Amino acid sequence: MRKKVIAGNWKMNKVLSEANRFVDEVKEKVPNSEQVEAIVCAPFPFLASLVEKTKGSKLKIAAQNMHFENDGAFTGEVSPVMLKDLGVTHVVLGHSERREYFAETDETVNQKTHAAFQHGLTPIVCVGETLEQREANETMGLIETQVQKALQGLSEEQVANTIIAYEPIWAIGTGKTATSEQANEVCTHIRNVVRELTSEATAEQVIIQYGGSVKPANVDELLAQSDIDGALVGGASLEVDSFLQLVEAGAK
Ligand SMILES: O=C(CO)COP(=O)(O)O
């Protein structure tokens, strides 16, 4: 059985003292279960401190983005080498907010996914449609293209170790969760795309998360779906109690 991966994406929130306090509290309480993995995706300035604090604990620390080059004249950017050196384990790539506001494309997401694996970081690759695309019946085709392009050129083993997060843009931060059936339908489609690209064994292994207004009240139903292996959570990951409730739901 696939484990559940619960990742809290803090986005551009908190200051260092708040981030430290959150992690100090949460790291003691993450269930000691092989069934669940808990990750905090924090802003760059907090990463060194949070990695240090979580050494030896079950809580993992992720970045929310990175550049694909190792180093060079890219003012304001952060490289995979820097993240790996700090002890970061995961990196969120291609979040819809980065695609919308920071010109992230399927091509750069692909370059970053390759760079993550080159440096031993696990990519959490985000895909998802807008409301207009959903209403125009474009969801399945669009998701297929996003997944294919993100994974292009990866080895089968790398695909198996990629985390794919399905985040319908219309459900992010809106309080409008996709129904668990709607979410599962797309996650099943993603697994089928992975199956076509690789093999049955890899498709069965790949972790597919749902994201978009996940909270303690709806997480059980979402995680009970056949192809949803976890959640990428914004708002409800900012408070210790709700984040822990989500992680505990993953351990059930
Ligand atoms: O974008 C998200 C996580 O990456 C989802 O955000 P919300 O959980 O706040 O809807």
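All ligand and atom numbering here is 1-based and tracks the order in the structure. These figures come from a predicted structure and were not determined experimentally.
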* Does one side chain, of Glu156 or Ser199, offer a donor that lies under 3.5 Å from an acceptor on the other? -> yes

* Asked: Between Ala236 and ligand 1, is there a nitrogen or oxygen pair with a distance under 3.5 Å?
  -> no

* To do: Would you give the length of the straight line joining atom CG of Leu246 to atom CD of Glu239, rounded to the nearest 0.5 angstrom?
  => 12.0 Å

* To do: Look at ligand 1 and say whether Ser213 reaches it with a heavy atom at a distance under 4.0 Å.
  => yes

* To do: Please state whether the rings of Phe22 and Trp10 are parallel, tilted or perpendicular, taking 30° and 60° as the class boundaries.
  => perpendicular

* Applying salt bridge (charged side-chain N to carboxylate O under 4.0 Å, His left out) between Asp220 and each of Lys4, Lys215, Lys252, report the one that passes. => Lys252

* **Candidate with minimal heavy-atom separation from atom 3 (C) of ligand 1, of Glu167, Gln209, Lys215** => Glu167

* Asked: If you measure only the distance, is there a donor-acceptor pair under 3.5 Å linking the side chains of His119 and Asn70?
  -> yes

* Asked: Considering only heavy atoms of Gly173, which atoms of ligand 1 have at least one such atom less than 4.0 Å away?
  -> 7 (P), 9 (O), 10 (O)

* Do any nitrogen or oxygen atoms of Gly234 lie less than 3.5 angstrom from nitrogen or oxygen atoms of ligand 1? -> yes

* **Distance-only side-chain donor-acceptor flag, Asp71 / Ser79, under 3.5 Å** => no

* Do Asn9 and ligand 1 have an N or O pair less than 3.5 Å apart? -> yes

* Which atoms of ligand 1 are found less than 4.0 Å from any heavy atom of Gly235? -> 7 (P), 8 (O), 9 (O)

* Asked: Any non-hydrogen atom of Ala171 lying under 4.0 Å from ligand 1?
  -> yes

* Asked: Which atoms from ligand 1 have a heavy atom of His95 less than 4.0 Å away?
  -> 1 (O), 2 (C), 3 (C), 4 (O)

* To do: Identify whether the distance between the nearest side-chain nitrogen and carboxylate oxygen of Glu204 and Arg2 falls below 4.0 Å.
  => yes

